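First up is the structure itself, then whatever we jot down about it.
For clarity, every value in this text was computed on a predicted model and none was experimentally measured. Numbers here simply count residues along the sequence, with the first being 1. Quick note: numbers below take in every heavy atom, side chains included, and nothing from hydrogens, waters or symmetry partners.
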Amino acid sequence: MGYRRGYYKKDGTYVQGHFVSKDHGGKRRKITNKKGCLGVFLLLLVTFFSFSCETESTCQSSNCVDFANQAEAQAVFEGDKSCYSNLDRDNDNIACENGNY
């Protein structure tokens, strides 16, 4: 941007000085539509959250009372430790060690 000094026209009228953008080879600068960018951003944001919320757990809810004994609970726990982590409350890899069956 540059400052254009004030000047007089041929008819005698005065034009006030003002800022003007510099000419880039006769090409005008393209004005971007910021509302369009915001719309695209919001669409991507909604799409991301819709996919992240669709992951439902396939784990069955099991407690120690659902098993006949500790050995049965331990076998299920060993099959998928991340799915049945609630069977091992103190994280020592022993399921249902308190005896509540």
Side-chain angles (χ1 to χ4, degrees):
M1 295 212 21
Y3 184 76
R4 177 180 249 178
R5 291 179 22 196
Y7 60 95
Y8 287 96
K9 291 184 179 181
K10 289 183 181 178
D11 62 1
T13 58
Y14 182 74
V15 177
Q16 183 71 32
H18 55 278
F19 283 96
V20 293
S21 61
K22 294 186 178 183
D23 188 25
H24 297 286
K27 297 179 183 177
R28 292 185 175 212
R29 283 194 310 164
K30 186 176 183 180
I31 298 174
T32 59
N33 185 357
K34 293 185 181 191
K35 289 182 182 178
C37 292
L38 180 63
V40 169
F41 174 73
L42 289 176
L43 180 67
L44 290 173
L45 191 66
V46 168
T47 304
F48 172 74
F49 280 114
S50 68
F51 283 122
S52 65
C53 293
E54 289 180 8
T55 57
E56 293 182 16
S57 176
T58 58
C59 298
Q60 294 178 344
S61 176
S62 296
N63 295 324
C64 291
V65 296
D66 296 333
F67 301 100
N69 54 29
Q70 192 274 337
E72 184 180 338
Q74 186 69 34
V76 171
F77 176 72
E78 292 292 330
D80 190 358
K81 290 184 181 182
S82 64
C83 196
Y84 296 102
S85 62
N86 62 330
L87 298 178
D88 182 23
R89 299 281 183 189
D90 56 359
N91 296 323
D92 63 351
N93 291 327
I94 301 173
C96 299
E97 59 191 326
N98 60 1
N100 293 334
Y101 307 109

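In terms of modelled atom types and a separation under 3.5 Å, the side chain of Q70 and the main chain of A95 share a donor-acceptor contact. Between the N63 side chain and the D66 main chain, no donor and acceptor come within less than 3.5 Å of each other.
Judged as a salt bridge (Lys or Arg N to Asp or Glu O under 4.0 Å), the pairs with a partner in residues 74-89 (not counting sequence neighbours) are, in order, E78-K81.
L87 CG to E97 CD: the interatomic distance, rounded to the nearest 0.5 Å, is 11.5 Å.
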What do the steps show when you test F77 against I94 for side-chain contact (heavy atoms from CB on, under 4.5 Å), and what is the final call? CA-CA 8 Å; F77 176 72; I94 301 173; over 6 Å; no
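The minimum heavy-atom distance linking Q74 with N93 is given by the pair NE2-O, 3.2 Å.
Between V40 and the choices L43, L42, L44, the side chain to side chain contact (heavy atoms under 4.5 Å, CB included) rule is met once, by L44.
In this structure, the ring-ring contact (aromatic ring centres under 6.0 Å, His included) partners of Y14, at least two apart in sequence or on a different chain, are Y8.
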